[in-house]
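The figures that follow rest on heavy atoms only: side chains count, while hydrogens, waters and symmetry mates do not. Since the model is a prediction, treat every value here as computed from it, not as a measurement.
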Amino acid sequence: MAASPECKLQLVRDHIRPYQDFPKKGILFRDICPILKDPAALTAVIDLFEEEVRRNYQTVELIVGLDARGFLFGPLLAQRLGVGFILVRKKGKLPGTTLSVEYNLEYGKAEVEIQEDAVAPGQKVLLIDDLLATGGTLFAACELMKKQQAEVLGCMVVIELKELNGKDKLKPQSIFSLVQY
């Protein structure tokens with residue numbers, strides 16, 4: 001008998017490991033490495049994402065994974081759904097002609113890019129990453145999709161840090177998060 005969504009979600013929660021004062025003092029880091037180490041927990045994550053997509057995003061054509069942890073979950077989900085997977089990378093990491101978007105970080109700027117031919121105009125995409133904090137990286141990836149004239153159906157994350165209000169930055173995009181802190 002298959003585990004219920006509640007049991008799967010509890011398994012995921014049980015495999016998120018907190019680290020106090022990482023990467024700097026005052027930060028409580030949520031580590032997904034135990035999820036990756038445990039096949040049942042990783043399967044639970046992909047099962048829950050797949051259930052959400054099949055319920056709400058049946059027209060998705062591509063999963064877009066964000067550098068670097070979106071690369072861990074995105075291909076598994078795309079394979080399950082029978083759709084393609086593409087990369088949004090940090091600037092300078094992709095060959096060929098690329099499009100990029102610059103965005104602000106807490107102390108500086110960063111840039112993400114995509115290969116120019118990765119998405120066709122009008123393609124329906126879902127963005128995936130491990131964490132939604134302030135929303136900067138996901139926002140930049142959504143902007144890249146706009147440049148590609150793609151239709152962003154929504155964003156999916158394993159963990160959402162609600163107190164940082166990243167969802168607000170991404171409005172009107174829908175955000176699906178498995179675990180919220």
Notebook entry, point to check: How about L144 and L99: do any of their side-chain heavy atoms sit closer than 4.5 Å?
Noted result: yes
Margin query: Does atom NZ (K162) have a neighbourhood of more than 12 heavy atoms from anything else shown, all under 6.0 Å?
Written below: no
Next item on the list: Please examine the side chains of V179 and L9, heavy atoms only from C-beta on, and report whether any two atoms are closer than 4.5 Å.
Entry: yes
Margin query: Check whether Q149 reaches the backbone of G122 with its side chain - one donor and one acceptor, N or O, closer than 3.5 Å.
Written below: no
Next item on the list: Give the intermediate values and the outcome of side-chain contact (heavy atoms from CB on, under 4.5 Å) for residues L42 and F73.
Entry: CA-CA 8 Å; L42 181 56; F73 302 105; 3.8 Å; yes
Margin query: Within the 4.5 Å heavy-atom criterion, are L77 and I128 side-chain neighbours or not?
Written below: yes
Notebook entry, point to check: Is there side-chain contact between V101 and K146, with heavy atoms separated by less than 4.5 Å?
Noted result: no
Next item on the list: Could you grab the distance from atom CG of L66 to atom CD1 of I114, nearest 0.5 Å is fine?
Entry: 9.5 Å
Check: What heavy-atom pair brings K90 and D67 nearest, and what distance separates the two atoms?
Finding: N-OD2, 2.9 Å
Checklist line | Hphob cluster co-occupancy, L72 + M156, side-chain heavy atoms under 4.5 angstrom | finding: yes
Next item on the list: Mind checking the CG-CG spacing from L62 to L81? Nearest 0.5 Å is all I need.
Entry: 11.0 Å
Next item on the list: Walk me through it: do R80 and D47 pass the test side-chain contact (heavy atoms from CB on, under 4.5 Å)?
Entry: CA-CA 9 Å; R80 285 259 194 105; D47 285 352; 2.8 Å; yes
Next item on the list: Verify the cluster assignment for L164 and V157: are they in a single hydrophobic cluster under the rule of side-chain heavy atoms below 4.5 Å apart?
Entry: no
Checklist line | Test item: C142 and L127 side chains (from C-beta on) under 4.5 Å apart, heavy atoms | finding: yes
Checklist line | For F29, all residues meeting ring pair (Phe, Tyr, Trp, His ring centres under 6.0 Å), sequence neighbours excluded | finding: F22
Next item on the list: Spell out, yes or no, whether F85 and V53 are grouped together once hydrophobic residues are joined by side-chain heavy atoms under 4.5 Å, including indirect joins.
Entry: yes
Checklist line | For R89 against F71, the heavy-atom pair lying closest together | finding: CD-CZ, 3.4 Å
Checklist line | Separation between CD1 of I32 and CZ of R17, rounded to the nearest 0.5 Å | finding: 11.0 Å
Next item on the list: Looking only at non-hydrogen atoms, find the nearest pair between G135 and L170 and report the distance.
Entry: O-CD2, 4.0 Å
Check: Linking I/L/V/M/F/W/Y whenever any side-chain heavy atoms sit under 4.5 Å apart, do V83 and Y57 land together?
Finding: yes
Next item on the list: State which residue, out of D130, D129, D31, fulfils the salt bridge (charged side-chain N to carboxylate O under 4.0 Å, His left out) condition with R69.
Entry: D130
Note to self: I'd like to know if D21 and K24 make a salt bridge, using a cut-off of under 4.0 Å between side-chain N and carboxylate O.
What the structure shows: no
Notebook entry, point to check: Do you know which two heavy atoms are closest between I63 and V60, and how far apart they sit?
Noted result: CD1-CG2, 4.3 Å
Item checked: Test log, rule side chain to side chain donor-acceptor pair (under 3.5 Å), inputs T98 and Q115 -> CA-CA 4 Å; T98 61; Q115 289 175 319; over 6 Å; no
Next item on the list: Can you measure from NZ (K169) to OG1 (T137) and round to the nearest 0.5 angstrom?
Entry: 9.0 Å
Note to self: Take a 6.0 Å sphere around NZ of K147 and say whether it holds more than 12 heavy atoms from other residues, nucleotides or ligands.
What the structure shows: yes
Next item on the list: Would you please test E51 and K8 for salt bridge (Lys or Arg N to Asp or Glu O under 4.0 Å) and show each step?
Entry: CA-CA 12 Å; E51 291 162 14; K8 291 175 186 178; 3.0 Å; yes
Item checked: V64 and L126, any side-chain heavy atoms less than 4.5 Å apart -> no
Checklist line | Minimum-distance pair of heavy atoms, taken over all atoms of P18 and I16 | finding: CD-O, 3.6 Å
Check: Do the side chains of F49 and V158 get nearer than 4.5 Å, heavy atoms only?
Finding: yes
Margin query: Determine whether a donor-acceptor pair (N or O, by modelled atom type, separation under 3.5 Å) exists between the side chain of D38 and the backbone of A41.
Written below: yes
Checklist line | Side-chain heavy-atom pair Q180, K167 within 4.5 angstrom cut-off | finding: yes
Notebook entry, point to check: Atom NZ in K109, atom NZ in K91: separation rounded to 0.5 Å?
Noted result: 14.5 Å
Next item on the list: Determine whether L131 and Y103 fall in the same hydrophobic cluster, where Ile, Leu, Val, Met, Phe, Trp and Tyr are linked whenever their side-chain heavy atoms lie under 4.5 Å apart.
Entry: no
Next item on the list: Determine whether more than 12 heavy atoms belonging to other residues, nucleotides or ligands lie under 6.0 Å from atom CD of Q20.
Entry: yes
Next item on the list: Please answer whether the main-chain N or O of E6 pairs with a side-chain N or O of Q10 as donor and acceptor at a distance below 3.5 Å.
Entry: no
Checklist line | Shortest non-hydrogen contact between A118 and I86, atoms and distance | finding: O-CG2, 3.8 Å
Next item on the list: Working to the nearest 0.5 Å, report the span between CZ of R30 and CZ of R13.
Entry: 11.5 Å
Notebook entry, point to check: Please walk me through it: do S177 and E160 pass side chain to side chain donor-acceptor pair (under 3.5 Å)?
Noted result: CA-CA 6 Å; S177 52; E160 178 186 352; 2.9 Å; yes
Item checked: Whether E61 side chain and V125 backbone form a donor-acceptor pair below 3.5 Å -> no
